[in-house]
Structures are given as structure tokens and as C-alpha cells.
Trainee: 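Take this structure, written in C-alpha cells, and hold onto it; I'll ask about it next.
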There are 2 protein chains.
Amino acid sequence: MMKAPVEFWFEFASTYSYPAAMRVEAMAASSGVELHYEPFLLGPIFVSQGWQDSPFNLYPAKGRYMWRDLDRICGDLGLPFKKPSVFPRSGLAAARVALVGAKEAWGPAFVRAVYGANFADDRDVSRPEVIAEILTDLSLDGAVILERSNARANKDLLRSQTEEATRREVFGSPSFVVQGELFWGNDRLEQAFASARRSGLP
Amino acid sequence: MMKAPVEFWFEFASTYSYPAAMRVEAMAASSGVELHYEPFLLGPIFVSQGWQDSPFNLYPAKGRYMWRDLDRICGDLGLPFKKPSVFPRSGLAAARVALVGAKEAWGPAFVRAVYGANFADDRDVSRPEVIAEILTDLSLDGAVILERSNARANKDLLRSQTEEATRREVFGSPSFVVQGELFWGNDRLEQAFASARRSGLP
């Protein structure tokens, strides 16, 4: 039997998506599971819940805990981490590029590079110029790819991604979907892949 | 060096506190770590964040996910689980009794029995009569203990517990505190005890 793929739903502004994004490709490879990168925007979903800002800003004790927890998680994984000087940073420009990259070989490396730029290097990934620099650092043509990412069809595709996330009842990032079953959070990455591996058993 | 104790801050209405409460005593014993049971009420903390109900009721997609996630967690742990017909159920009466029990040998068994009654047997643990039955099932004098739990000094103590939780920046249940460091959620139980074990190293 074929194993079910894992859908990785991610918003670039999301903090806990950083360690997940850095681990997900290796986990897919070692699991022998197909991985689908599914960028989306969490902002519209938060707004529909009445939040105009990240809950980590709206609820300060929860926010202070999150930064401490993320620091510990990155420490345990040996991932560099530096609290960004601005939070959240819009993931719009990066998500549009990630959608272009979802069909190309450089896609996964781009996703990791954006998360690292934001959460390890404190670079302003909300700015298209920074996204272009990240693409250039990957030996890609930043200007051309940015232009492709801003094509009407691609903008519409990102909008439909966010609608698709809502249909899957995604309410946070990172989320993993395996055969319609939702797993939320970096803490559930292992469980999601275990579910996909089991799906391949006769 | 003495190992630092683990403070276990819990609210009886909390869903994820059920698997944590069922595991915490065995984890403390195998870690050689002192465990402090710290019942408190999450309601006043939620109200201070503008929530008049559980966030799992206020945000339906998050709520539906939580029940599915809890079902999977209990399945993995071999814990019986049945979604309560009413959620949340007030933990006030049980928390007052747990405070009495915190200084007595029956305390931990009572805590587990209340969580099991709510989340495995769908009993209405908000009712003092049910709490008395649970005490009786533990071969205790339910009427006498309930009366002690309703003494003015014990009610004040529960109020000060909730203030103390706020001072520790506790914003959810279960929470673990080790040397002032906060660990939130059933998912962080292992990490909290690892921190306590490390504290005993020279």
C-alpha cells in the first residue's frame, strides 16, 4: 500500500513553525513519506476569531512563555535562535514566493531560509527586498521569482490556500494533515508522520 | 545536591490536565523528585484575559481539535476517555478538597479520581455530592472532608493559590514550575521533570 502524504500547513510569521520547518524535510525523507508544502496566511483566520494581532501579543503571559519555550526547543534541537525585534512579521511576500517554489526544487530550501532569516538572524522578512536577497543567496533570480509571485493567478492561489486551510479546520501553524486528520503544532510533527507511516501498512 | 521540587499547578476543569494528573505521580517517583500539588482556579485568570468561557468553547475549531487530540493522547497512554457531556465543569468544590488533601496521604489518589470521574466516567464533578461519593469510594469520610474544605480559611487558601499561580505567570493548566521556570501543558511534563533532575547534579 502507498503511504498517505503529509500536508505541512505553515504561516511564515509563526514562531513554532520555525523548528517544524527545519525538521520536516528530514522527517519526511526518513519516513519515506511524500511531503506537500502548503503555505497559507493565518491572519485572516485569526481575524475571523476576533484577534487583530498574534495571541502571543494579545495575551502577554502566554507570549513571554512562548519565547522562553521556543528558546528551550531550539536549544534542544541545536537550532540557532534570536528573538525577532519585531513580531509578528507579515508572511505575505514570502508565502507568495513559497507557492511558486512549491512546484520547484528550491522550494524547501527557500522555506527554511525565510524561517532562519526571521528567527535566527532577525531580518525583516516582511520586505520583498529581503525575500529577493534570500532567493539570490540560494543562487536564484530573486527579481524574476518575485515578479512571478506577484502575478494575479498566484495571489489568487494563496487566497484559495487560506480558504483550503479553513476547510481543513486549521486554526494555527504549523499544522499537519494526514488523510484528513489534523495535527497541530511542532509538538505533533512526530505523531503526524507516524500516522502517515501507519497508513502504508497492509 | 538536593533536586528541586516540581510544582504541579492544575485546574480540575482542564482537559489536558487529565493525562498529566494520571502520569505525574509515577514520573515524580521514577525521577526521585519531590512533587507539590498546587490546585488553583483557571476561571479568574481566563476572565482577566477577557474570556468568559473556555477558549475551547469560544473557538470551535480549536475545541473540536482538542477533543480529537485528547482522545489520541489517552489512546496512546492506554487511559480510558469519554468526552464529558458538559464542558467545562466547575472545579471549585474539587479544588477546595484537593487543598485539604495536599497535606494528607490520600491527596494524589483523590486528584486522579476526580479527573477520571470527569473525563472517563462523565460524572458531574462540579457537584459537592459527587465529590463526597468520590471520597467515600476512597474509604474516606466524605461529609467530614467536604465540611473541612468549606472552612473559611481553606476557601481563602484557594483564593491565594490562584493569586500565586498568577504571580508565577501561569496562564493554563496543567503547568509545572521548577525553580521558577514555567512549563505549560501535558506535552511539557517530561521536560519539567528533566529540569528538576538536572537541578540535582553537582
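We name chains A, B, ... by the order of the sequence lines, and we start the count at 1 in each one. The basis for the numbers below is simple: all heavy atoms, side chains too, and nothing from hydrogens, waters or symmetry mates.
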Trainee: Is there a side-chain contact between B/Leu182 and A/Arg64 in this structure, where contact means two heavy atoms from C-beta onward sitting under 4.5 Å apart?
Mentor: no

Trainee: Less than 6.0 angstrom from the centroid, inside 45 degrees of the normal: does B/Arg68 satisfy that with respect to the ring of A/Phe183?
Mentor: no

Trainee: Hey, does A/Gln49 have a side-chain heavy atom less than 4.5 Å from the side chain of B/Leu58?
Mentor: no

Trainee: CZ/B/Arg188 to CD1/A/Ile73 distance, rounded to the nearest 0.5 angstrom?
Mentor: 4.5 Å

Trainee: Are B/Phe171 and A/Tyr65 close enough that some pair of their side-chain heavy atoms sits under 4.5 Å apart?
Mentor: yes

Trainee: With the threshold set at 4.0 Å, does a side-chain nitrogen-carboxylate oxygen contact exist between A/Lys62 and B/Glu169?
Mentor: no

Trainee: With a 6.0 Å cut-off (strictly less than), is the heavy-atom count around CH2 of B/Trp184, excluding the residue itself, greater than 12?
Mentor: no

Trainee: Heavy-atom count around B/Arg152 CZ within 6.0 Å, excluding the residue itself: above 12?
Mentor: no

Trainee: Are more than 12 heavy atoms from other residues, nucleotides or ligands located less than 6.0 Å from atom CD of A/Glu147?
Mentor: no

